[in-house]
2 protein chains.
Amino acid sequence: MTTIDDVARRAGVSASTVSYALSGKRTISAATRLRVEKAIADLGYTPHAGARALASARTNVLALMAPLRPDVDVSVIMQFVTGVVTKARSHDYDVLLLTQEDAAGLSRVASGMVDGLILMDVEAQDPRIPVVTTLRQPTILIGLPEDSRGISCVDFDFDAAARMAVRHLRGLGHRNLALLGPPPAVLERHTTYADRLFTGYRAQCAADGLEPVIEATGTSHAAALAALDAVLTRSPGLTGLVVHNEAALASVVSGLRDHGRHVGEDVAVLALCPAYVAESQPIPITSIDIPALTIGEVAVEMLLERMAAPHATETRLLAPTLHERQSTFPLQPPAPTGR
Amino acid sequence: MTTIDDVARRAGVSASTVSYALSGKRTISAATRLRVEKAIADLGYTPHAGARALASARTNVLALMAPLRPDVDVSVIMQFVTGVVTKARSHDYDVLLLTQEDAAGLSRVASGMVDGLILMDVEAQDPRIPVVTTLRQPTILIGLPEDSRGISCVDFDFDAAARMAVRHLRGLGHRNLALLGPPPAVLERHTTYADRLFTGYRAQCAADGLEPVIEATGTSHAAALAALDAVLTRSPGLTGLVVHNEAALASVVSGLRDHGRHVGEDVAVLALCPAYVAESQPIPITSIDIPALTIGEVAVEMLLERMAAPHATETRLLAPTLHERQSTFPLQPPAPTGR
DNA sequence: ATACAGTGTTGAACCGCTTCGACAACGCGA
DNA sequence: TCGCGTTGTCGAAGCGGTTCAACACTGTAT
């Protein structure tokens with residue numbers, strides 16, 4: 001292994017000069033810098049990360065704790081991860097991947113492996129929160145706990161998204177709506193996005209004088225059809241369906257067809273999912289995009305800010321945007337503006 | 001931060017004794033060990049990873065380079081990652097996640113960040129191979145390059161899987177088969193699994209006296225339908241369809257219905273995909289399971305072996321297994337045993 | 001009693017880098 | 001010419017562990 005001393009010798013300078021030439025923390029003459037750079041190139045030198053971390057007390061590594069189960073919304077998780085990794089790399093940070101199951105992982109990596117942490121899939125009373133608040137390193141949550149005081153969070157504004165969905169369908173003239181939500185397992189875990197989604201949905205329905213019909217939706221084909229049957233039974237005149245369940249979306253669409261309903265013609269479907277999922281359905285689905293990639297990127301940015309200097313805690317909720325595609329339509333020609 | 005010296009002081013021993021008590025590399029009296037353990041517990045001490053890495057020249061971290069694009073088969077990728085991370089953790093290793101795009105990443109992490117590397121999504125002439133063979137750390141490839149000499153690989157035996165698929169359908173009496181393969185992009189990247197799949201498919205068709213009909217299949221709904229139309233045109237009497245394209249599977253199934261064909265009744269569908277993908281289709285699909293989780297685990301095991309002691313290079317291909325579900329059926333009652 | 005082979009413990013060197021304080025060389029204004 | 005602030009470079013002291021050689025004990029065989 002070539003070390004900084006090898007480089008120093010070859011460039012005819014001291015090791016500290018090489019270090020300063022590399023970090024730029026002190027002025028180095030152009031001539032010397034060139035000699036150092038040449039020596040580095042000749043030798044193919046790369047600083048030893050461990051030594052650097054020890055001496056500088058910075059590792060240039062971020063920890064990302066992700067739910068690694070082939071559960072719902074794999075592609076959403078992948079997008080979070082991708083957003084985090086690419087944004088981290090663009091700031092010269094690497095990412096250490098932890099699983100949700102690795103309870104001791106947080107303290108382990110906090111002692112000298114990472115400079116900051118990002119936690120995904122946060123629950124209402126997340127047991128990891130008391131742990132990370134004692135750490136020297138800053139932490140960002142992706143998701144919202146019940147009590148977010150003392151900790152910074154990013155998430156999608158599910159409340160606003162649900163309201164937007166209802167308003168949009170209502171604006172198109174639909175008055176018989178239903179919401180097919182996340183699987184029961186998500187509710188049992190008390191991941192708060194489901195609560196926020198339901199809250200927003202109920203509130204907007206109330207504001208618009210609509211009956212809120214809500215059903216949790218399992219991810220299997222059978223479970224999705226069962227949930228669909230349930231809402232059709234409760235609300236036979238249904239014309240508008242909001243689906244927040246990537247895995248069930250395809251099943252719901254095909255189920256509607258089996259019920260003799262035509263998506264985009266006599267029933268409007270509005271999905272909450274990544275844009276590309278909505279686009280790849282048999283009928284392109286009008287969707288409110290879940291900007292998972294962006295959320296991952298924002299998480300990294302917030303984290304870097306807090307690593308650079310003390311910062312107040314902050315909660316950032318990303319606003320929803322709606323993409324109209326072919327699965328929605330005005331129910332009666334002169335649709336009232338449902339704003 | 002509490003250091004090993006704090007622990008030593010509190011336990012009334014030297015730092016080296018604490019180190020030996022922790023590592024077990026020298027005998028320590030039971031009494032001393034107990035005092036040390038108590039001190040560690042009292043102080044909540046966790047050894048500093050960077051310092052340990054520097055002194056011992058081991059980091060207990062593995063690098064995993066994964067294709068982080070919301071491309072085909074996200075769930076397969078997630079399973080690889082999950083297999084790698086969980087198996088690594090069970091051996092007290094953490095995982096550093098790199099993206100395929102991070103060209104310089106390999107050399108960067110190789111200088112002091114990781115003890116070994118795993119590379120996913122290997123191409124025929126993968127430019128990363130010459131890089132990793134110069135590294136001090138061992139590397140395992142998930143996938144097979146054209147020339148695998150000098151490097152260890154794990155992968156699914158796509159050749160055998162294709163043969164098994166043909167034999168199975170043939171054994172059920174189907175003689176008009178077609179293969180819907182991975183998207184054109186995969187072929188252009190020269191990821192070799194597609195080649196091996198095609199080779200095996202053609203060979204078995206030849207052996208069984210069948211006409212090999214093969215079509216690359218895009219991931220969008222429209223592209224999947226186009227590919228289906230193409231094979232139905234080329235082979236109007238088609239009764240058996242092999243699909244190796246997780247993203248297109250649902251579209252193909254629904255497309256068949258639009259063509260008036262009934263999966264499991266007048267057309268047999270056999271998919272190559274993770275079991276849970278096959279199970280969650282409207283009709284449970286007979287599948288040859290892609291054991292992505294296992295492959296990830298095997299990769300870690302092979303890597304650990306090579307980190308522990310010099311080892312010969314080795315290529316491991318995991319044998320396919322077939323799960324019969326409801327999408328396949330015997331075409332004519334006394335089906336010859338097609339073994 | 002003497003030598004000898006474990007045991008258990010320790011001090012010190014070292015891993016490769018960063019960073020602080022010191023200092024030489026230089027130009028500048030007084 | 002003297003003193004002083006700049007600029008560029010260096011030596012040495014860590015950072016927090018691991019590990020080697022050395023050593024003080026015990027207990028056992030001679």
Side-chain angles (χ1 to χ4, degrees), chain A residues 1-37 39-40 43-61 92 107-115 136-137, chain B residues 1-37 39-40 43-61 92 107-115 136-137:
Chain A
M1 240 205 65
T2 96
T3 73
I4 200 172
D5 285 307
D6 300 332
V7 175
R9 211 166 303 126
R10 184 172 241 266
V13 297
S14 74
S16 46
T17 301
V18 176
S19 177
Y20 286 124
L22 238 33
S23 69
K25 294 198 175 167
R26 278 196 185 181
T27 47
I28 295 287
S29 69
T32 306
R33 190 192 346 275
L34 248 47
R35 289 217 313 289
V36 169
E37 278 162 8
I40 289 178
L43 266 34
Y45 166 75
T46 320
H48 183 109
R52 194 192 276 249
L54 182 55
S56 65
R58 299 179 65 258
T59 62
N60 272 272
V61 176
D92 203 32
S107 350
R108 176 164 36 84
V109 302
S111 63
M113 300 193 71
V114 305
D115 297 335
R136 184 167 67 274
Q137 295 95 333
Chain B
M1 243 206 63
T2 96
T3 73
I4 200 172
D5 285 307
D6 301 332
V7 175
R9 209 168 305 125
R10 186 171 240 266
V13 296
S14 75
S16 45
T17 301
V18 176
S19 177
Y20 285 125
L22 237 33
S23 70
K25 295 199 176 167
R26 281 200 184 181
T27 47
I28 296 288
S29 68
T32 307
R33 190 190 348 274
L34 249 47
R35 289 217 312 291
V36 170
E37 277 162 8
I40 289 177
L43 265 33
Y45 166 75
T46 318
H48 183 111
R52 197 193 275 251
L54 182 55
S56 65
R58 300 179 65 259
T59 61
N60 272 276
V61 176
D92 201 32
S107 349
R108 176 164 36 82
V109 302
S111 62
M113 301 194 71
V114 304
D115 298 335
R136 183 167 67 273
Q137 295 95 333

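By convention in this document, chain letters (A, B, ...) are assigned in the order of the sequence lines, proteins followed by strands, and residues within each chain are numbered from 1.
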Pairwise side chain to side chain donor-acceptor pair (under 3.5 Å) hits with a residue in residues 22-34 of chain A, at least two apart = A/Ser29-A/Thr32
From D/dG8, D/dG17, D/dT19, pick the nucleotide closest to the side chain of A/Thr27?
-> D/dG8
Under the side chain to side chain donor-acceptor pair (under 3.5 Å) test, residues paired with A/Thr3 that sit two or more places apart = none
Mind listing the closest non-hydrogen atom pair of B/Arg35 and B/Gly12 along with its distance?
-> NH2-O, 3.9 Å
With rounding to the nearest 0.5 Å, note down the distance linking CD1 in A/Ile4 to CG in A/Leu43.
-> 12.0 Å
Atom NZ of B/Lys25 and atom C1' of D/dA21: how far apart are they, to the nearest Å?
-> 17 Å
Roughly how many Å is it from CG in B/Leu22 to P in D/dT19, rounded to a whole number?
-> 12 Å
In residues 6-18 of chain B, what residues come within less than 4.0 Å of DNA chain D, judged by heavy atoms?
-> B/Ser16
What one should report as the nearest heavy-atom pair of A/Ala15 and A/Asp5 is CB-OD1, 3.6 Å
Those residues at least two apart in sequence (or on a different chain) that pass side chain to side chain donor-acceptor pair (under 3.5 Å) with B/Arg58 are B/Tyr93
Check every nucleotide of DNA chain C for an atom under 4.0 Å from a heavy-atom of chain A, then give the first and the last such nucleotide from 5' to 3'.
-> C/dG16 to C/dA22
How many Å lie between CD1 on B/Ile28 and C1' on D/dT18, as a whole number?
-> 13 Å
When you compare the protein's N or O atoms with those of nucleotides 13-15 of chain D, which come within less than 3.5 Å of each other, and at what distance?
residue, atom, partner, partner atom, Å
D/dC15, O2, A/Ala55, N, 3.4

For nucleotides 22-27 of chain D, 5' to 3', base contacts (B), sugar-phosphate-only contacts (S) and non-contacts (-) with protein non-hydrogen atoms under 4.0 Å give B-----
Decide yes or no for B/Tyr20 and B/Val36: does some side-chain heavy atom of the first lie under 4.5 Å from some side-chain heavy atom of the second?
-> no
Would you mind classifying the nucleic acid contact of A/Ser23 as base, sugar-phosphate or nothing, using non-hydrogen atoms under 4.0 angstrom?
-> nothing
Smallest separation among heavy atoms of B/Ser14 and B/Ala8, with atom names = C-CB, 3.6 Å
Between the two end axes of the helix from C/dA1-D/dT30 to C/dA30-D/dT1, each built from 5 base pairs, what angle do you get to the nearest 10°?
-> 60°
Just how far is it from atom CZ of A/Arg136 to atom CG of A/Asp115, taken to the nearest 0.5 Å?
-> 9.0 Å
Check whether any side-chain heavy atom of A/Met113 lies under 4.5 Å from a side-chain heavy atom of A/Val61, and answer yes or no.
-> no
B/Ser19: side chain to side chain donor-acceptor pair (under 3.5 Å) partners, not counting sequence neighbours = none
Counting any heavy atom closer than 4.0 Å, what does B/Thr3 reach on the DNA or RNA strands: base, sugar-phosphate only, or nothing?
-> sugar-phosphate
Nearest non-hydrogen partners of A/Leu22 and A/Tyr45, listed with the distance = CD2-CE2, 4.0 Å
Pairing residues for A/Asn60 by the side chain to side chain donor-acceptor pair (under 3.5 Å) criterion, not counting sequence neighbours = none
Residues that A/Thr46 engages under side chain to side chain contact (heavy atoms under 4.5 Å, CB included), provided they are two or more places apart | B/Ser111
Integer-rounded Å distance: D/dG17 C1' and B/Tyr20 OH | 12 Å
For the atom pair OG1 (B/Thr59) and CD (B/Gln137), what is the distance rounded to the nearest 0.5 Å?
-> 8.0 Å
Qualifying salt bridge (Lys or Arg N to Asp or Glu O under 4.0 Å) pairs with a residue from residues 8-17 of chain A, counting only residues at least two apart or across chains | A/Asp6-A/Arg9, A/Arg10-A/Asp42
How long is the line joining NE2 of A/His48 and P of D/dG17, in whole Å?
-> 15 Å
